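What follows is one structure encoded as structure tokens, with my remarks underneath.
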Amino acid sequence: MQCDLCILKPHQSHQSQISSSVHYLLVTEIISAADPKMKRFRFDLSLFILLGFCMLFSPAVSSLVISQLDRKIDLSSHIVRSTVSLKVENNGDDSVSEVLLPFTEKQAKSLAFLTASIGEGKGKAKGSFDSVPLKPVNPEGMNPKLTWYSVSLRKELLKGGSITLEVKAVYAQILRPFPEKITQADVQLVSFEESACYLSPYAVNVQLLTVKLPEPKVESYTKLDISKFSGSEIKYGPYENIAPFSSIPITVHYVNNHPFSVARELVREIEISHWGNVQVTESYNLVHAGAEITGEFSRLDYQARPHVRGASAFRNLVAKLPPRAHSIYFRDEIGNISTSNVWSDSTKTLLEIEPRYPMFGGWRSSFTVGYGLPLQDFLFLSEGKRVLDISFGCPMNEVVIENLTVKIVLPEGSNDISASVPFPIEQQSQETKFSHLDMVGRPVVVLEKKNVVPEHNQHFQVSYQFSNLSLLREPIMLVFGFFLFFVACIAYAHADLTISKSSSSYLSKLQWDEVQTAIQQFQNVMNRCLIIHDKLEASLRDLSRTGDLQTCKAARKAADSTLKELSKELKPLLSFLQSSSQATQLLPKVDELVSKEKELQEKLMLKHSTVTDSYEKKSGGREIENRVASIQQKISVLRQEVDDLLEVIDI
Amino acid sequence: MAAPETPPTSSLRYAFGNVLSIFILLLIGVLAFSIRLFSVIKYESVIHEFDPYFNYRVTQYLTKTGVYDFWNWFDDRTWYPLGRVIGGTVYPGLTLTAGSLWKILNSLNIPLSVETVCVFTAPIFSAFASWAAYLLTKEVKGVGAGLTAAALLAMVPSYISRSVAGSYDNEAVAIFALIFTFYLYVKTLNTGSLFYATINAMAYFYMVCSWGGYTFIINLIPMHVLLCIVTGRYSSRLYIAYAPLVVLGTLLASLVPVVGFNAVMTSEHFASFLVFIVIHVVALVYYIKGILTPQMFKVAVTIVVSVGLIICVAVLAVLIALVASSPTKGWSGRSLSLLDPTYASKYIPIIASVSEHQPPTWPSYFMDINVLAFLVPAGIIACFSPLSDASSFAVLYIVTSVYFSGVMVRLMLVLAPAACIISGIALSEAFDVLTRSIKYQFHDKTENPQLSAGDTSNNSKTDEVKMEKSEDSLKERSSRKNKKKAKDTEKASVISRIEQRLLVLPFEVSLIAIFLLVLLGAFYVVHSVWAAAEAYSAPSIVLTSHSHDGLHVFDDFREAYGWLRHNTEVDDKVASWWDYGYQTTAMANRTVIVDNNTWNNTHIATVGTAMSSPEKAAWEIFNSLDVKYVLVVFGGLVGYPSDDINKFLWMVRIGGGVFPHIKEPDYLRDGQYRIDSEATPTMLNCLMYKLSYHRFVETDGKGYDRVRHTEIGKKYFKLTHFEEVFTTHHWMVRIYKLKPPRNRIRGKTKKSKTKASSKRSGAKKNPWR
């Protein structure tokens, strides 16, 4: 591509507006002739031209000069990381306390992370970089389309002094897949646009740009005068003596099969339980933001040659969790996802998760990852307050999060809450969450941030006050609740819930109860009579077996006495039943039963005496049987009737 | 044993017995709940199978929008383009139960998800069901039998199969409602209390809300009432038990939208009204008998009988005419197939195609109720000695449910509680007799000093607890206060009385018999636990297989549904065979053409026709239905047998039932269903074959189908109107997209002709044009 023509140095040429537009047309034609794919770039180019044009009217910023500039842009993943080391010299008279860093509109939109650090002296000790604060500024008279950050120096830069500044910027989603739709068999090509020279309000003496690619495959790149493509690196420069605000647009169109994993939304909920656990729940809304797949997806091709058919797709994500993470789960709204693995050692826990299906370009998925962490690793006491110290970003490697919400759920009863995050965030608010057995709800600190990259994975602190007594609130509540329940049960069991004690139905029920009691006692007596009958019978059997007449008679005597007692017992019951109006239905049966029992008793006695008599007379067994037979028959009939009657009375 | 000598301790023991039985009940509840958790432990807390997914979705809607919106819910995600009025066509009991459970928990600030509540509803209600079984059996035969029945029901495999955690189906709560309604009926019958009668109507209402099986109740109870009347057991208690139930129950039942006027208009309910009339006539007769002299009564009878007969005949004639005028004789299809087991296979292939509507085999009886099958006859005999109103009800229940279970496998579920109750009675009676004879003889032996008590003492002590309970039950009916007064004196006598009346078995025989019974029970427990763990806890959306390198999980269904959920447009329509309709709407949240609620035969037949048509015709049918994706289930790669190719003949049959150009013989070679090289060309060219086997041959070079154990007939073919958009990891679900119609048709002169002809033929085949 003949892009050498379009080296734009508007500050040098001092073109009029017309010539610049001519130039613009020329550029457009050339580009469209060179490669129809590149048509879209013209707008960006025009922007640069416009930009340069505007710069003409901007006043000279300051007396600073960048004597040496070394810029490295790492394109090996879908997150673009640029590291710029600037050697700033003060050639003016006044001492300077801040260095301005401008970003184009496009850069600013996707700028996720920015730090600057200063190395004192002349770069002799490279390791001794101190990070310095950065703040967004809006210097007057500058192009409003640029976004400015200013690095405030700790020590003012005196005249003739120099300083080495290292600026790290991370851009998310600045790469554009091109073509935007690919089939399963295609590799993913992305284009990256930059300027070959560093956009700076200061003049640059020497500068160098290195672009690092993931693999040594490049579809096209802008070839400039001094550019070199070797291995997987493209080098632009060194360029010398470049005026402020110069811009040489370059485009790199290369193969990047790195997973473009972007979480449209991530909600991290960190719930602290003072019983010893920090529960982290992360709900992802993931998308593959690379080139969208079009046409067929063939599982066969994907399974046979996953690296050719489906090169840009990603199968899994690896999360680096803190050590001693436990109870890890990985699920989505329709249940558990079984494709996950965990490795753990003393320094970390590695969780490998596979979404339900391989993520091709444009495919979306959502899932939840949760894990518990030991409380003592993350909660500390300091100055009477409790401080939670836990990482902010997502533990997945190389995931860009468009909207991150971190919710810290503190235990119920916490107060005096404050949060400190080491980098600016969009919003901080508080809400209340009701969970197990809460009365007033748990305070929740909500932190929101856009465009989060792995560099944000730093620890942040939430401090609050919480008394240990509040910990016992819920158990005590439970104990009290159960206690009340049992008390209520006892009270219910002992309470008489009758509405009216004088109502006729209640009185009749009372009477009926009495009758029932009497009947039951009556039955009891009857049953005991029957038991005595049985004993008598048994004694007879014993007699026939052993011939021991004495014991038999003794049994008879005992039986007689008890039967008498029983009949005494029976009398008051019978009289009660006769007097009671409720028992009128039962009375005939009761009477019948009493008479039958009497009869039975008599017969039995008769039998008993007959048998004992015969034994005394020493008559033969056959003879006794004959004599008793008729009585026995009657006895059994009577016994049956008595039993039946007993059952009838049974209420 | 100690009772006669020391009455005070026995009262303590009485209280102890009560506490013990409550404790045992609690344990039974825990057992019933925890035996159903195998599915959660072995798999995960997830909704199972097909219908539960629909119930789950309805519950989600209910909890999201509230109960009024739920009644008016018109679901446009299913039966596209017809839609379905969910509020009016669904039995709301289950969803309302789980929904209110969720609401209560959330108002107590216990943040459980709707899914969790749904998953655990069934186990909770099976604990309730076993308690209800205790109550019912207690009413029939006493506490001992009640506890045994509850323990048996807690782990009966047949019920476990429908109520494992995650099996969120109507039956889960309906069985509880069924048993509880029966309990309240028997309780009313025993007490004659109007209070219980009212509660009974409420319980019946809950049952009507929960399950279509409520017709079983409303037919069984009238049958029992009729039986009581016929056998001369009419009493005011019977009247109180029945009349309020019919009046209140029918009124309440007609409040349920899905039943509505069916509660008075379909034949299923007529029996109850008929018996309602009969019981009033009988009550009147009894009343008149009371106020008239015998001679007058005879005269009155002749008059009333002659007039009554005429009226009855007239009413009957009107009824029969009404019923006969409706096409199904006023019976719904499922009920008809109950009365005539061959009905479904003759007339309704959709009912016949469901495997759970087939008659069961003998092994399935053994599998589902196990040893109870042997205990039931003994229990029936026990119910006859003595026969009370309650025990006659139990006998009637078991007899009818045995019949129904013989018609449909699904109704084994109704048999299971009956079998448990009857077996509980049998076991309890058997233990009663055996322990009593041991105890009796033990008595004898301790009285005779030549025998040492020795090892038997242990035995009889443990048996005593059981004895205690059975005695308890005899007197349970007397009120609480009386019991307190009377219990210390009466017990000893009762024991001896029973001792006398029943045969006493020899000591050794009783010991051996007890041992064998315990062995039988142990076998039952082992079988039930095995069934719960192995046979019935698979959620069927996740499959596992054990291979030499460990457990392998097949999660293809959810993979496909997850893909559909996230990577298609919200309003896209997905066509699949109706089995997967509920799951697609619930898990993928996409509109389906047909689903498991098989109410529209024509619509299902349309999908069946499309699946059995060649590609172009199928494309036209699907396109006219606005379908964007077609989902087929294919098990040929991994050997998953219940895939669409195996169900395909039903698609042909159901499709052919409505669209006669689909003929079953076209798909069969000499009456055999095959997909190998011998298969008919119609078979090899139909859409189902093509979608299932698209590029299948490239997996192993031969196209060997692991389900049918054969190489496929047509190996290399290309799809012209469909394109593969997703296939799951094990190829079990394949999703195809309809290609958009071609813009340009080559050959302008040809075009007009072919267009016209295709239109005509399309009109013939496609019912939607």
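Quick caveat, the model's predicted, so the values are computed rather than measured. Here is how names work: the chains are called A, B, and so on, in the same order as the sequence lines, proteins then strands, and each is numbered from 1.
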Against chain B, work out which of [options] has the most heavy-atom pairs shorter than 4.5 Å and name it.
options: G362(A), P355(A), G295(A), S298(A); result: S298(A)
options: L300(A), V287(A), T339(A); result: L300(A)
options: I293(A), D301(A), V525(A); result: D301(A)

F722(B) and Y736(B): CA distance, side-chain angles, deciding distance, ring-ring contact (aromatic ring centres under 6.0 Å, His included) verdict: CA-CA 6 Å; F722(B) 294 85; Y736(B) 293 84; 7.1 Å; no
If I measure from the heavy atoms of chain A, does E559(B) come under 4.5 Å with its side chain, its backbone, both, or neither? both
Given a strict heavy-atom distance threshold of 4.5 Å, which part of I110(B) is in contact with chain A: side chain, backbone, both, or neither? both
Can you say whether the rings of F696(B) and Y693(B) are parallel (under 30°), tilted (30 to 60°) or perpendicular (over 60°)? tilted
Check the angle between the aromatic planes of H552(B) and H730(B) and answer parallel, tilted or perpendicular using the 30° and 60° thresholds. perpendicular
Taking [options] one by one, which has the highest count of heavy-atom pairs under 4.5 Å against chain A?
options: R558(B), E44(B), E698(B); value: R558(B)
options: K739(B), R695(B), K737(B); value: R695(B)
options: W563(B), Y56(B), W731(B); value: W563(B)
options: T728(B), N567(B), I735(B); value: N567(B)

Side chain to side chain donor-acceptor pair (under 3.5 Å) filter on T368(A), not counting sequence neighbours, yields none
Under a 4.5 Å heavy-atom cut-off, does chain B meet the side chain of N285(A), its backbone, both or neither? neither
Considering only heavy atoms, which portion of Q303(A) lies under 4.5 Å from any heavy atom of chain B: side chain, backbone, both, or neither? side chain
Verify side chain to side chain contact (heavy atoms under 4.5 Å, CB included) between V440(A) and E412(A), making sure each step is shown before the conclusion. CA-CA 7 Å; V440(A) 293; E412(A) 195 180 18; 3.3 Å; yes
Considering the options Y329(A), F330(A), Y357(A), which one meets the ring pair (Phe, Tyr, Trp, His ring centres under 6.0 Å) requirement together with F367(A)? F330(A)
By the salt bridge (Lys or Arg N to Asp or Glu O under 4.0 Å) test, which pairs, at least two apart or in different chains, include something from residues 722-731 of chain B? E724(B)-R734(B)
Hey, mind stepping through S340(A) and E354(A) against side chain to side chain contact (heavy atoms under 4.5 Å, CB included) and telling me if it holds? CA-CA 6 Å; S340(A) 57; E354(A) 255 179 62; over 6 Å; no
